[in-house]
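Presented below is the structure to which this report refers.
The basis for the numbers below is simple: all heavy atoms, side chains too, and nothing from hydrogens, waters or symmetry mates.
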Amino acid sequence: MDILKIYALGINQQLQKEIDELESLLKDEFNDKYYIMTIDLLQNPLLTGKDKIYMPPILLDNISPLIKMNLDNLMKNHKVLIGIDSNDSL
């Protein structure tokens with residue numbers, strides 16, 4: 001299982017609602033391939049130092065336009081970064 005990490009500067013109800021929607025879309029498209037972990041950088045600022053934050057193009061190539069749109073909206077509407085921890089060697 002790969003972990004899709006969402007790094008946010010504070011988590012409010014609207015952001016959590018959008019993350020829940022994204023989680024539902026990922027589950028519909030990929031079953032249980034991805035697990036979403038939300039990290040509030042205001043509460044855990046040290047996590048960015050040990051984590052690699054990136055969005056691999058391979059993920060973007062393999063997902064539906066609806067999921068791409070949700071990821072884009074998260075990044076545009078909220079102060080978030082998207083990262084992924086993959087079980088595959090990179």
Side-chain angles (χ1 to χ4, degrees):
M1 179 179 299
D2 293 337
I3 302 172
L4 181 69
K5 294 183 178 181
I6 298 176
Y7 299 87
L9 291 174
I11 299 171
N12 59 33
Q13 288 181 334
Q14 180 62 34
L15 175 57
Q16 189 59 55
K17 180 181 174 185
E18 290 181 35
I19 290 170
D20 293 343
E21 183 178 322
L22 175 62
E23 190 169 31
S24 176
L25 291 170
L26 285 170
K27 189 172 189 170
D28 289 346
E29 188 162 329
F30 295 105
N31 295 319
D32 291 325
K33 180 171 173 35
Y34 293 99
Y35 165 76
I36 293 181
M37 177 185 292
T38 307
I39 299 164
D40 186 340
L41 295 175
L42 294 178
Q43 294 181 3
N44 302 298
L46 298 178
L47 289 178
T48 56
K50 73 173 194 161
D51 288 349
K52 296 176 184 171
I53 301 172
Y54 63 96
M55 189 66 181
I58 186 114
L59 175 64
L60 294 177
D61 290 342
N62 294 326
I63 61 174
S64 69
L66 186 57
I67 293 175
K68 285 181 190 179
M69 183 180 73
N70 277 324
L71 289 171
D72 285 342
N73 286 341
L74 279 175
M75 290 185 283
K76 287 178 188 173
N77 298 332
H78 304 279
K79 295 177 180 177
V80 301
L81 296 171
I82 307 293
I84 189 165
D85 280 347
S86 178
N87 290 329
D88 303 329
S89 58
L90 299 174

Self-check item: Q13 atom CD: more than 12 heavy-atom contacts under 6.0 Å
Solution: no
Quiz item: Side chains of N70 and E18: does their closest heavy-atom pair fall under 4.5 Å?
Solution: no
Self-check item: Spatial distance of atom CG (L22) from atom CG (L66) [nearest 0.5 Å]
Solution: 9.5 Å
Quiz prompt | Minimum heavy-atom distance between G10 and L15, given as atom pair plus value | solution = O-CD2, 3.7 Å
Quiz item: At what distance, to the nearest 0.5 angstrom, does CD1 of I67 lie from OH of Y34?
Solution: 9.0 Å
Exercise. Scan residues 19-28 for pairs that pass side-chain hydrogen bond (donor to acceptor under 3.5 Å, both in side chains), counting only residues two or more places apart or in two chains.
Key: Q16-D20
Exercise. Measure the CG-CG distance between L71 and L26 for me, rounded to the nearest 0.5 Å.
Key: 7.0 Å
Quiz item: Atom OH of Y7 and atom CG of D40: how far apart are they, to the nearest 0.5 Å?
Solution: 12.5 Å
Quiz item: Are side-chain heavy atoms of Q43 and I11 found at a separation under 4.5 Å?
Solution: no
Self-check item: CE on M37 to CD1 on I6, rounded to 0.5 Å
Solution: 11.0 Å
Self-check item: Closest heavy-atom pair and its distance - L42, L9
Solution: CD1-C, 3.8 Å
